[in-house]
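Shown next, in structure tokens, is the structure this report addresses.
Quick note: numbers below take in every heavy atom, side chains included, and nothing from hydrogens, waters or symmetry partners.
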Amino acid sequence: MKRILIIDDHAVVRGGLKQILLDEFPNTKFGEANNSGEALEFLNKEDWDVVILDISLPGRSGLDILKDTKQAKPKLPILVYSMHSEEEFAIRALKSGASGYMSKSELPDQLVKAIHQLLTGRKYISSSLAERLAVEIEKPSEKPLHEILSNREHQVMLMIASGNSPTQIAEELSLSIKTISSYRARILDKMRMKTNAEIIRYSIENKLI
């Protein structure tokens with residue numbers, strides 16, 4: 001029996017994933033977590049064959065959960081399954097230990113393919129992501145500014161760059177407006193910027209949005 005843990009804060013998404021995967025893997029036990037606290041509880045108490053992990057979770061970021069989990073269970077395959085495009089988070093997720101990255105806009109058969117590959121010890125990388133990785137390898141060794149940001153800071157930066165207000169970001173991440181303002185201040189300081197306009201311009205120039 002396969003054991004798959006789904007970490008996503010939307011019950012409809014969790015239910016849809018279970019239905020898709022049960023058609024292909026009928027003898028599967030599923031675990032469901034809708035926030036970072038539940039996710040860590042499931043991960044610490046039980047063993048899983050594959051984890052499907054969203055990035056945007058109430059509390060801690062999915063990428064933070066990914067990093068902590070890979071330190072404790074380095075061989076556990078984790079597929080990051082997100083509403084965010086590959087351009088925004090895929091390379092960062094892979095560097096943090098993910099075994100694959102998939103946008104929620106992909107067709108169900110791609111999800112099945114990804115899970116098959118992870119269950120057999122392989123990684124799932126789309127052809128477009130493979131091209132991005134090849135370009136990444138050829139880049140000069142000096143890191144771009146956004147690479148020095150934490151996972152949460154990076155997420156907030158992209159939300160700012162996409163035109164979201166502090167209130168919208170706070171609601172999406174289940175954080176206070178004060179906390180979002182602190183993240184923004186740290187982002188501006190680390191990236192040596194002064195305004196949101198600079199964040200937007202930088203994100204567009206570096207093809208982050």
Should [X] and [Y] count as side-chain neighbours, where that means a heavy-atom distance under 4.5 Å?
X: Y81; Y: E106; result: no
X: R186; Y: V156; result: no
X: L43; Y: I65; result: yes
X: R60; Y: L40; result: yes

Which pair of heavy atoms, one from [X] and one from [Y], lies closest together, and at what distance?
X: H84; Y: S56; result: NE2-OG, 3.3 Å
X: I20; Y: P108; result: CD1-CB, 3.9 Å
X: A98; Y: L94; result: O-CD2, 3.5 Å
X: F42; Y: A33; result: CD1-CB, 3.9 Å
X: L145; Y: K190; result: CD2-O, 4.2 Å
X: I187; Y: E153; result: CD1-O, 3.3 Å

Atom [atom1] of [X] and atom [atom2] of [Y]: how far apart are they, to the nearest 0.5 Å?
X: M191; Y: E147; atom1: CE; atom2: CD; result: 10.0 Å
X: L188; Y: T195; atom1: CG; atom2: OG1; result: 7.5 Å
X: F30; Y: L17; atom1: CZ; atom2: CG; result: 8.5 Å
X: L57; Y: S82; atom1: CG; atom2: OG; result: 9.5 Å
X: D54; Y: R14; atom1: CG; atom2: CZ; result: 10.5 Å

Mind checking whether [X] and [Y] sit in one hydrophobic cluster, side chains of I, L, V, M, F, W, Y counted as touching below 4.5 Å?
X: I199; Y: I169; value: yes
X: I55; Y: L79; value: no
X: V50; Y: L53; value: no
X: L119; Y: I52; value: yes
X: V13; Y: M102; value: yes

Next on the checklist: Could you walk me through whether V80 and F89 satisfy the side chain to side chain contact (heavy atoms under 4.5 Å, CB included) test, starting with their C-alpha distance in whole Å, then the side-chain angles of each, then the deciding distance to 0.1 Å, before giving a yes or no?
Outcome noted: CA-CA 9 Å; V80 174; F89 282 103; over 6 Å; no
With sequence neighbours excluded, residues passing side-chain contact (heavy atoms from CB on, under 4.5 Å) with [X]:
X: S96; value: L66, N151
X: L208; value: H146, M157, L158, Y202, S203, N206
X: K67; value: Q71
X: S165; value: T167, Q168

Side chains of [X] and [Y]: is there a donor and an acceptor less than 3.5 Å apart?
X: Y183; Y: Q155; result: no
X: R152; Y: S150; result: no
X: R184; Y: N196; result: yes

Item to check | Aromatic ring proximity, centroids under 6.0 angstrom, H116 and F25 | outcome: yes
Checklist entry - Could you go step by step and tell me if L21 and T28 meet the side chain to side chain contact (heavy atoms under 4.5 Å, CB included) rule? => result CA-CA 8 Å; L21 295 175; T28 299; over 6 Å; no
Checklist entry - Considering residues, nucleotides and ligands other than N27, do more than 12 of their heavy atoms fall under 6.0 Å from its CG? => result no
Item to check | Whether over 12 other heavy atoms sit under 6.0 Å from K70 NZ | outcome: yes
Checklist entry - What residues form a salt bridge (charged side-chain N to carboxylate O under 4.0 Å, His left out) with E41, not counting sequence neighbours? => result K45
Item to check | Donor-acceptor pair, side chain of K73 and main chain of N44, under 3.5 angstrom | outcome: no
Checklist entry - For N164, does its backbone N or O pair with a side-chain atom of S162 as donor and acceptor, under 3.5 Å? => result no
Can you list, pair by pair, the side-chain donor-acceptor contacts under 3.5 Å of residues 1-11, counting residues two or more places apart and other chains?
from	atom 1	to	atom 2	distance (Å)
R3	NE	D47	O	2.7
R3	NH2	E46	OE1	2.5
D8	OD1	H10	N	2.8
D8	OD2	K104	NZ	2.7

